[in-house]
Amino acid sequence: MKAELVKRPRRLRLNQNIRDMVRETSLNVKDLIYPYFVVEGENVKEEIEAMPKVFHFSIDKLVKDVKETYELGIPAILLFGIPSSKDEVGSQAYASSGIVQRAVRAIKEAIPSMIVITDVCLCEYTSHGHCGVVESGYVDNDKTLELIAKTALSHAKAGADMVAPSDMMDGRVGCIRQILDSEGYVTVPIMAYSAKYASGFYGPFREAAQSAPQFGDRRSYQMDPANSDEALREIALDIEEGADIVMVKPALAYLDIIRRAKDSFKVPLATYNVSGEYSMIKAAALKGWLDEKVVVLESLTSMKRAGADMIITYFAKDAAKWLTTR
Ligand code: PBG
């Protein structure tokens, strides 16, 4: 059985140079966005237990680390704040002297070309841990909108380059666009967490952000993991309301959603490789059960292959090093 085989796909896998020539998807350091958690205090750099090598930073230490990230060629960071005090209406989320607002000012002063994206949500700032205003056990959509919009505006005033609402309230993108435009921030883009699922993969993040809901869960505002058409409706609404970049979150268990979104809407698409996706690989790698570099690059590449243009990932710094030293 020899000459019959005219088609031999293995010809194009013969060596690395040939494989590189026919490679369909490329992962680039410019695709990556690195998330940070900023806390009050000074000289703080504390590892988050459920997320090895991810830290809580005070502003001074944060600025140093962001410099490193910038030098690695990573173009953007996503900022989460952990305030020292919380209340029913998340006042610290929109305080001009809030932790995120101060952190943004410090980063933009030290590293002006780093793109600073801020997560816009109330869950880290509310005493009950929900993403909005709670009325008789239910997160009230329209009362929350006003606070979410105020939060986004306060971030823009502090110098944020882009705002990323992650609360999943109906109509928040439109409200944010309206307030930003009326206050003169027409050039600040909105990256919308459009198809954000009620996922178990956020477990480690809730420890990192101290944002676990104190009662109930987030299923009355985040999406049911069983749904796919609904993701397209959510994304369509956000685009209509003025989203510049849309997002699918989490990533690995939702690659089909990423693909459908990219096929349906020709807009920049981000995906969030979330905390649980990070920690499960990290834990297996620490045990020696997986080759970390191989599986991380494989997973990130699969997100690009599925259609994501950019990836928010806690692996960004490692990936940047692996991608630039071959
Ligand atoms: C805030 C928010 C969450 C994440 C990003 N923004 C948590 C949640 O909705 O519970 C999760 C990120 C991660 O798991 O890495 N609403």
Side-chain angles (χ1 to χ4, degrees), residues 35 50 78 80 119-124 126 128-145 147-148 164-176 190-209 211-241 243 245-265 267 269-280 299 302-303 306-308 310-313:
L78 175 64
F80 293 93
D119 184 89
V120 175
C121 197
L122 300 184
C123 62
E124 297 106 279
T126 52
H128 44 69
H130 277 287
C131 303
V133 180
V134 175
E135 296 273 340
S136 334
Y138 184 71
V139 176
D140 185 291
N141 194 84
D142 299 9
K143 283 190 180 133
T144 302
L145 287 181
L147 303 185
I148 290 289
S166 67
D167 55 296
M168 285 301 275
M169 295 302 122
D170 296 333
R172 87 271 206 222
V173 172
C175 282
I176 292 174
I190 300 173
M191 173 191 272
Y193 288 71
S194 303
K196 177 174 178 181
Y197 287 88
S199 170
F201 287 103
Y202 308 150
F205 174 94
R206 290 179 188 172
E207 179 204 314
S211 65
Q214 298 303 300
F215 63 88
D217 53 45
R218 303 209 201 288
R219 286 181 294 178
S220 79
Y221 41 104
Q222 297 180 351
M223 284 182 49
D224 181 346
N227 296 353
S228 171
D229 288 343
E230 187 188 0
L232 300 188
R233 293 197 295 274
E234 280 281 7
I235 294 170
L237 278 173
D238 283 358
I239 294 172
E240 226 169 89
E241 288 176 32
I245 299 173
V246 295
M247 193 197 301
V248 173
K249 176 184 172 189
L252 276 185
Y254 298 86
L255 294 176
D256 58 322
I257 310 296
I258 297 175
R259 170 45 60 196
R260 282 194 81 189
K262 194 61 192 177
D263 287 343
S264 308
F265 306 100
V267 301
L269 179 64
T271 192
Y272 199 140
N273 178 213
V274 301
S275 57
E277 300 175 290
Y278 173 84
S279 298
M280 68 184 179
S299 338
S302 75
M303 294 163 204
M310 55 202 107
I311 305 168
I312 302 163
T313 179

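Among Ile245, Val267, Val173, the single residue meeting the side chain to side chain contact (heavy atoms under 4.5 Å, CB included) criterion with Ile239 is Val267. In summary, of the residues considered (Ile257, Ile258, Asn273, Val274), a side chain to side chain contact (heavy atoms under 4.5 Å, CB included) with Lys249 occurs for Val274 alone. Between Arg172 and the choices Val120, Asp238, Thr144, the side chain to side chain contact (heavy atoms under 4.5 Å, CB included) rule is met once, by Asp238.
One finds the CG atom of Leu232 at 5.0 Å from the CZ atom of Phe265 (value rounded to the nearest 0.5 Å). Within the model, atoms CD1 of Ile176 and CG of Asp167 stand 6.5 Å from one another, a figure rounded to the nearest 0.5 Å. Expressed to the nearest 0.5 Å, how far CE of Met168 lies from OG of Ser220 amounts to 11.0 Å. For the atom pair CG of Asp170 and CG of Leu145, the computed distance is 8.0 Å after rounding to the nearest 0.5 Å. Taken to the nearest 0.5 Å, the OG atom of Ser302 stands 8.0 Å off from the CD1 atom of Ile311. The distance from atom CD of Glu241 to atom SG of Cys175, rounded to the nearest 0.5 Å, is 7.5 Å.
Residues Ala261 and Ile235 come closest through the heavy atom pair CB-CD1, 3.7 Å. Closest of all the heavy-atom pairs between Glu207 and Ala50 is OE1-CB, 3.1 Å. The heavy-atom pair separating Glu234 from Ser194 by the smallest distance is CB-O, 3.5 Å. Taking every heavy atom of both residues into account, Ala198 and Gln222 meet most closely at CA-OE1, 3.3 Å. Scanning all heavy atoms of the two residues, the minimum distance from Phe205 to Ser275 falls at N-OG, 3.0 Å. Heavy atoms only, all atoms of each residue included: Ala308 and Thr271 are closest at CB-CG2, 3.8 Å.
Under the 4.5 Å side-chain criterion, counting only non-hydrogen atoms from C-beta, Cys131 is not in contact with Val139. With a 4.5 Å cut-off on side-chain heavy atoms, Phe201 and Leu252 do not count as touching. Side-chain contact between Tyr254 and Pro225 is present, with heavy atoms from C-beta onward closer than 4.5 Å.
Taking a cutoff of 4.0 Å between a charged side-chain nitrogen and a carboxylate oxygen, Arg233 and Asp229 do not qualify as a salt bridge.
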Evaluate side-chain contact (heavy atoms from CB on, under 4.5 Å) for Phe215 paired with Val134, printing each intermediate quantity in order.
CA-CA 11 Å; Phe215 63 88; Val134 175; 3.7 Å; yes
Met191 and Ile312: CA distance, side-chain angles, deciding distance, side-chain contact (heavy atoms from CB on, under 4.5 Å) verdict
CA-CA 12 Å; Met191 173 191 272; Ile312 302 163; 4.3 Å; yes
Show, in sequence, the C-alpha distance, side-chain angles and deciding distance for Glu277 and Ser299, and conclude whether the side-chain contact (heavy atoms from CB on, under 4.5 Å) test is met.
CA-CA 10 Å; Glu277 300 175 290; Ser299 338; over 6 Å; no
Step by step, work out the side-chain contact (heavy atoms from CB on, under 4.5 Å) result for Leu255 and Met303.
CA-CA 7 Å; Leu255 294 176; Met303 294 163 204; 4.0 Å; yes
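A donor-acceptor contact shorter than 3.5 Å is absent between the side chain of Asn227 and the backbone of Glu230. Panel note: side chain Glu124, backbone Leu122; no donor-acceptor pair is recorded below 3.5 Å.
Contacts classified as side-chain hydrogen bond (donor to acceptor under 3.5 Å, both in side chains) and involving residues 196-206 (residues at least two apart or in different chains) are not found.
Residues that satisfy the ring pair (Phe, Tyr, Trp, His ring centres under 6.0 Å) test with Tyr193, not counting sequence neighbours, are absent from this structure.
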